[in-house]
Number of protein chains: 2
Amino acid sequence: MPELSAHSDHDDIGAISDATLRLFAGYYMKRAFNVVQADLSQTLRPFGLRMLTYSALTVIADNPGLRQAQLAGALAMERPNMVAIIDELHRRGLIRRDRDPADRRAYALMPSLEGRQLCERANRAVKRHEARMFGFLDENERAALLRALHRVETGSRGEHE
Amino acid sequence: MPELSAHSDHDDIGAISDATLRLFAGYYMKRAFNVVQADLSQTLRPFGLRMLTYSALTVIADNPGLRQAQLAGALAMERPNMVAIIDELHRRGLIRRDRDPADRRAYALMPSLEGRQLCERANRAVKRHEARMFGFLDENERAALLRALHRVETGSRGEHE
DNA sequence: TATTGTTATACTCTATAACTATA
DNA sequence: TATAGTTATAGAGTATAACAATA
């Protein structure tokens, strides 16, 4: 059982009181994200995955046949930064890259059996990670948080539902 | 007037529908933070500041005389990563580093006049940045978002108020 | 002309170990 | 011994320009 030290708090000796410390909202996003990211990295390490390789693998497993550009769009990252991720997953035999016969520039990304199995196992660990990070929020609070984050990301467009 | 393209949305042609795309919660934090961070970087560029140099400068201006280790704690970053930030602010004449006579290992960080003035001007631009990023959230929603982020960061400890 | 994937590159942020000078 | 600041270093993520192959 790996030692997962969630929420590594910095030493409070001589710290500035929260009343005196006033930062802009984005900094609180950064601080929270750093904590989540650190815990997620520890969570994925036993599987040989990082946040981005895990994210890419799950999207490929859920959407077999998609292109790299679509994957980059889904993960909100630039296409050049996708290449190393795909290379790594492919080198480890977790995905296949089939040439799209209709458009020979593009690849159709497919999960391998090993990729699907690793993804399943990692998913269970990530579920526990999410329980650690967000478990104290009830369903309404958690939904409100995700909705607020989505509105920040999209500039509040897209709530037409 | 610099061109501030907030919320650079990725091309939606051939995109995966939101219904099909299911990522873990931390990834939505990352996406939202990236948007905020990109807008903040553009906002601070005219002042020659980045997120961390701006954050450090504001904390020093609000808490003159604090030590580097205290500053690192306030910004939730490691002490070694503080050095380059402090060097940059000092080289530009925005802060002073006075040796603490009581403890000659430590520095007392003080804002210079130029530092306070630059901070004031940057603060106004950051206010507008925050209005762009979070303005569509009402006071309750915004407070709930910050409270949720703080609880995630601290692991829900610290709500003893 | 435009797009897919790619290379090269640079910048930013984060984390750890080990050093120095003080305490 | 422990702490403040430092150096060196490595890893991870992000962004842009430019290219070849293909559409």
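Since we're looking at a predicted model, the values are computed, not measured.
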Summarise protein proximity over nucleotides 18-23 of chain C in one line of letters, 5' to 3': B for base, S for sugar-phosphate only, - for none, counting protein heavy atoms closer than 4.0 Å. ---BBS
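The stretch residues 61-68 of chain A touches DNA chain C through A:Arg67, A:Gln68, each having a heavy atom under 4.0 angstrom from the strand.
Looking only at distances, no side-chain donor or acceptor of A:Gln68 sits under 3.5 Å from a matching main-chain atom of A:Tyr107. Of the possible donor and acceptor atoms, one in the side chain of B:Arg92 sits under 3.5 Å from a partner among the backbone N and O of B:Gly48.
Contacts classified as salt bridge (charged side-chain N to carboxylate O under 4.0 Å, His left out) and involving residues 102-124 of chain B (residues at least two apart or in different chains) are given here: B:Arg67-B:Asp103, B:Asp103-B:Arg105. Pairs engaging residues 43-70 of chain B under the ring pair (Phe, Tyr, Trp, His ring centres under 6.0 Å) rule: A:Phe24-B:Tyr54 [sequence neighbours left out].
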Please assess A:Arg96 against A:Ile60 for the test side chain to side chain contact (heavy atoms under 4.5 Å, CB included), listing each intermediate value before the final yes or no. CA-CA 10 Å; A:Arg96 293 204 324 271; A:Ile60 293 169; over 6 Å; no
Steps toward side chain to side chain contact (heavy atoms under 4.5 Å, CB included) verdict (B:Leu49, B:Leu118): CA-CA 10 Å; B:Leu49 294 169; B:Leu118 184 69; 4.0 Å; yes
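Residue B:Arg50 places at least one side-chain N or O under 4.0 Å from the OP1 or OP2 atom of C:dC13. Considering only side-chain N and O atoms, A:Asn34 lies under 4.0 angstrom from the phosphate OP1 or OP2 of C:dT14. Dashed line: the shortest gap from a side-chain N or O of A:Arg31 to OP1 or OP2 of C:dC13 is not under 4.0 Å.
In this structure, A:Met29 places its CE atom 16 Å from C1' of C:dC13, rounding to the nearest Å. Taking atom CD of B:Gln70 as the reference point, atom P of D:dA4 lies 9 Å away to the nearest angstrom. With rounding to whole Å, A:Glu78 atom CD is found 18 Å from C:dA10 atom P. Here the C1' atom of nucleotide D:dA4 and the CD1 atom of B:Ile85 are 18 Å apart, to the nearest Å. Distance, A:Asp39 CG to C:dT14 P: 17 Å, rounded to whole Å. At whole-Å resolution of the value, CD1 in A:Ile86 and P in C:dG5 are 9 Å apart. Protein atom NZ of A:Lys30 is 15 Å distant from nucleotide atom C1' of D:dT14, rounded to whole Å. A:Arg79 places its CZ atom 18 Å from the C1' atom of D:dA21, with the value rounded to the nearest Å.
If you check C:dG5, D:dT14, D:dA12 against the side chain of A:Arg97, the one that comes closest is C:dG5. Checking C:dT14, D:dT7, C:dG5 against every side-chain atom of B:Val83, the shortest atom distance belongs to D:dT7. Ranking D:dG5, D:dA12, C:dT6 by closeness to the B:Tyr107 side chain, first place goes to D:dG5.
Heavy atoms of A:Met82 sit nowhere under 4.0 angstrom from any nucleic acid atom. Backbone-only engagement by B:Leu52 is indicated by non-hydrogen atom pairs under 4.0 Å involving sugar-phosphate atoms exclusively.
Considering A:Asp39, A:Val36, A:Leu40 in turn, A:Asp39 is the only one that fulfils the side-chain contact (heavy atoms from CB on, under 4.5 Å) rule with A:Arg132.
Residues satisfying the salt bridge (Lys or Arg N to Asp or Glu O under 4.0 Å) criterion with B:Arg99, sequence neighbours excluded, are absent altogether. Scored by the ring pair (Phe, Tyr, Trp, His ring centres under 6.0 Å) test, A:Phe33 finds no partners at all (sequence neighbours excluded).
The distance from atom CG of B:Leu149 to atom CG of A:Leu145, rounded to the nearest 0.5 Å, is 6.0 Å.
Nearer to the 5' terminus of DNA chain C, by closest-nucleotide assignment, is the contact made by A:Ala108 (compared with the other of A:Asn81 and A:Ala108).
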